[in-house]
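Throughout, numbering of the chain's residues begins at 1 and tracks the sequence. Given the structure is predicted, the values throughout are model-derived calculations rather than measurements.
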Amino acid sequence: MKQYVGLDVSQKETSVCVVDEVGQVLFEGKAKSDPGALTALLRKRAPQAERIGFETGAMASWLWHELRRVDLPVVCIDARHAHAALSVRMNKSDQNDARGLAELVRVGWYREVKVKSEERQKIRTILIARSRLVAIRRDIENQVRSLIKEYGLLFPRAIGLKFRNQVCELLG
């Protein structure tokens, strides 16, 4: 018998719903939002899982990679698409969202999101951090330039060490 699983992931706990191929609920519960705890629960409650679906979110990529590593058939569902389908449900709760996600993967009415490789995520993280640091440095230099201007000290735009040297020279 095929089983379909919906996971409503939160930071601490994940609501889990397992349905069979006709939509009958076989299990509803919660587990710690940790790949090990989820794997243990899924192996016990959904050993014939055909698909396991959860929405995109902050922890989605990490969970997707970790659950794939232990050969679970996970799919990451576009959160906007899932929200549109889940918003028509009567009662909004984590348990009902997990049930709705299980239904979505059962009937195949979802848009799967391609999860980036771990290597791409590392590169993207480094680029974002660098971009943020450059913006912070620029903001600090502009604030110092503005503070010094109040004392009649003006100097052209400079970056990094050149900026530091110009400030020291003007104040020196």
Side-chain angles (χ1 to χ4, degrees), residues 5-17 30-39 41-42 51-70 72-89 91-98 100-102 104-105 109-172:
V5 182
L7 304 176
D8 187 56
V9 181
S10 299
Q11 279 189 329
K12 293 183 180 181
E13 277 190 327
T14 297
S15 292
V16 180
C17 181
K30 291 187 180 223
K32 188 176 173 192
S33 291
D34 172 73
L38 287 170
T39 299
L41 181 109
L42 293 170
R51 276 190 298 274
I52 301 166
F54 53 88
E55 296 176 83
T56 55
M59 296 172 46
S61 178
W62 171 64
L63 272 179
W64 187 88
H65 285 291
E66 294 301 318
L67 294 177
R68 277 286 167 134
R69 225 182 294 286
V70 294
L72 289 172
V74 293
V75 292
C76 191
I77 300 170
D78 179 40
R80 291 173 299 211
H81 183 77
H83 175 73
L86 297 176
S87 64
V88 298
R89 297 179 79 83
N91 297 323
K92 179 87 170 102
S93 69
D94 292 344
Q95 183 179 358
N96 284 341
D97 284 354
L101 290 168
L104 286 178
V105 295
W109 196 67
Y110 61 90
R111 187 174 298 138
E112 187 172 354
V113 173
K114 182 170 177 10
V115 177
K116 290 179 176 68
S117 70
E118 289 174 327
E119 186 62 30
R120 278 191 190 264
Q121 286 178 308
K122 288 176 186 174
I123 290 169
R124 185 170 185 261
T125 300
I126 290 168
L127 290 173
I128 289 170
R130 182 190 181 282
S131 173
R132 190 69 195 120
L133 288 171
V134 168
I136 289 169
R137 184 188 71 200
R138 182 195 62 234
D139 291 346
I140 290 171
E141 288 174 355
N142 287 339
Q143 288 175 5
V144 170
R145 186 176 286 110
S146 176
L147 290 170
I148 291 175
K149 192 185 299 182
E150 291 178 14
Y151 296 98
L153 302 172
L154 303 170
F155 58 92
R157 295 213 178 266
I159 297 173
L161 285 176
K162 188 175 178 184
F163 174 78
R164 185 184 68 95
N165 292 339
Q166 282 184 356
V167 171
C168 290
E169 187 179 305
L170 284 171
L171 295 176

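Within the 4.5 Å cutoff, the side chain of V16 has heavy atoms near those of the V5 side chain. Residues I123 and L127 have side chains in contact (heavy-atom distance under 4.5 Å, counting atoms from C-beta outward). Between L101 and L104 there is a side-chain heavy-atom pair separated by less than 4.5 Å. Contact annotation: the side chain of R68 approaches that of V74 to within less than 4.5 Å [non-hydrogen atoms, C-beta and beyond].
The structure places NZ of K116 at 15.5 Å from NZ of K122, a figure rounded to the nearest 0.5 Å. Taking CG of L42 as the start and CG of L67 as the end, the distance is 7.0 Å to the nearest 0.5 Å. Here CG of L7 is found 6.0 Å from CG of L38. Values are rounded to the nearest 0.5 Å. Rounding to the nearest 0.5 angstrom, the gap separating the CG atom in D34 from the CH2 atom in W62 is 5.0 Å.
The number of heavy atoms from other shown groups lying within 6.0 Å of CZ (R124) does not exceed 12.
With sequence neighbours left out, the side-chain contact (heavy atoms from CB on, under 4.5 Å) criterion links I126 to no other residue. Contacts of D97 classified as side-chain hydrogen bond (donor to acceptor under 3.5 Å, both in side chains), with partners at least two apart in sequence or in another chain: K92. Residues forming a side-chain contact (heavy atoms from CB on, under 4.5 Å) with K149 (at least two apart in sequence, or on another chain): L154. Residues meeting the salt bridge (charged side-chain N to carboxylate O under 4.0 Å, His left out) test with E13, sequence neighbours left out: K30. Scanning for side-chain hydrogen bond (donor to acceptor under 3.5 Å, both in side chains) contacts around S15 gives an empty result, with sequence neighbours left out. Remark: Q121 engages S61 in a side-chain hydrogen bond (donor to acceptor under 3.5 Å, both in side chains) (not counting sequence neighbours). Every side-chain contact (heavy atoms from CB on, under 4.5 Å) that S117 has, sequence neighbours left out, goes to E119, R120. A search for side-chain hydrogen bond (donor to acceptor under 3.5 Å, both in side chains) contacts involving E118 returns R69, not counting sequence neighbours.
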- Task: List the steps, then state whether side-chain contact (heavy atoms from CB on, under 4.5 Å) holds for D8 with Q95.
- Result: CA-CA 8 Å; D8 187 56; Q95 183 179 358; over 6 Å; no

- Item | Verdict with reasoning, L133 to R130, per side-chain contact (heavy atoms from CB on, under 4.5 Å) | CA-CA 5 Å; L133 288 171; R130 182 190 181 282; 5.8 Å; no

- Query: After noting the C-alpha distance and the side-chain angles of R137 and E141, does the key distance pass the salt bridge (charged side-chain N to carboxylate O under 4.0 Å, His left out) rule?
  - Reply: CA-CA 6 Å; R137 184 188 71 200; E141 288 174 355; 3.7 Å; yes

Side-chain donor-acceptor pairs of residues 75-87 under 3.5 Å, sequence neighbours excluded:
residue : atom : partner : partner atom : Å
D78     : OD2  : H81     : N            : 3.4
S87     : OG   : H83     : O            : 3.2
S87     : OG   : A84     : O            : 3.1

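Considering every non-hydrogen atom in both G53 and V105, the closest pair reads CA-CG1, 3.7 Å. Residues S93 and N96 come closest through the heavy atom pair OG-N, 3.1 Å.
When atom types are taken as modelled, the side chain of S33 and the backbone of S10 share a donor-acceptor pair closer than 3.5 angstrom.
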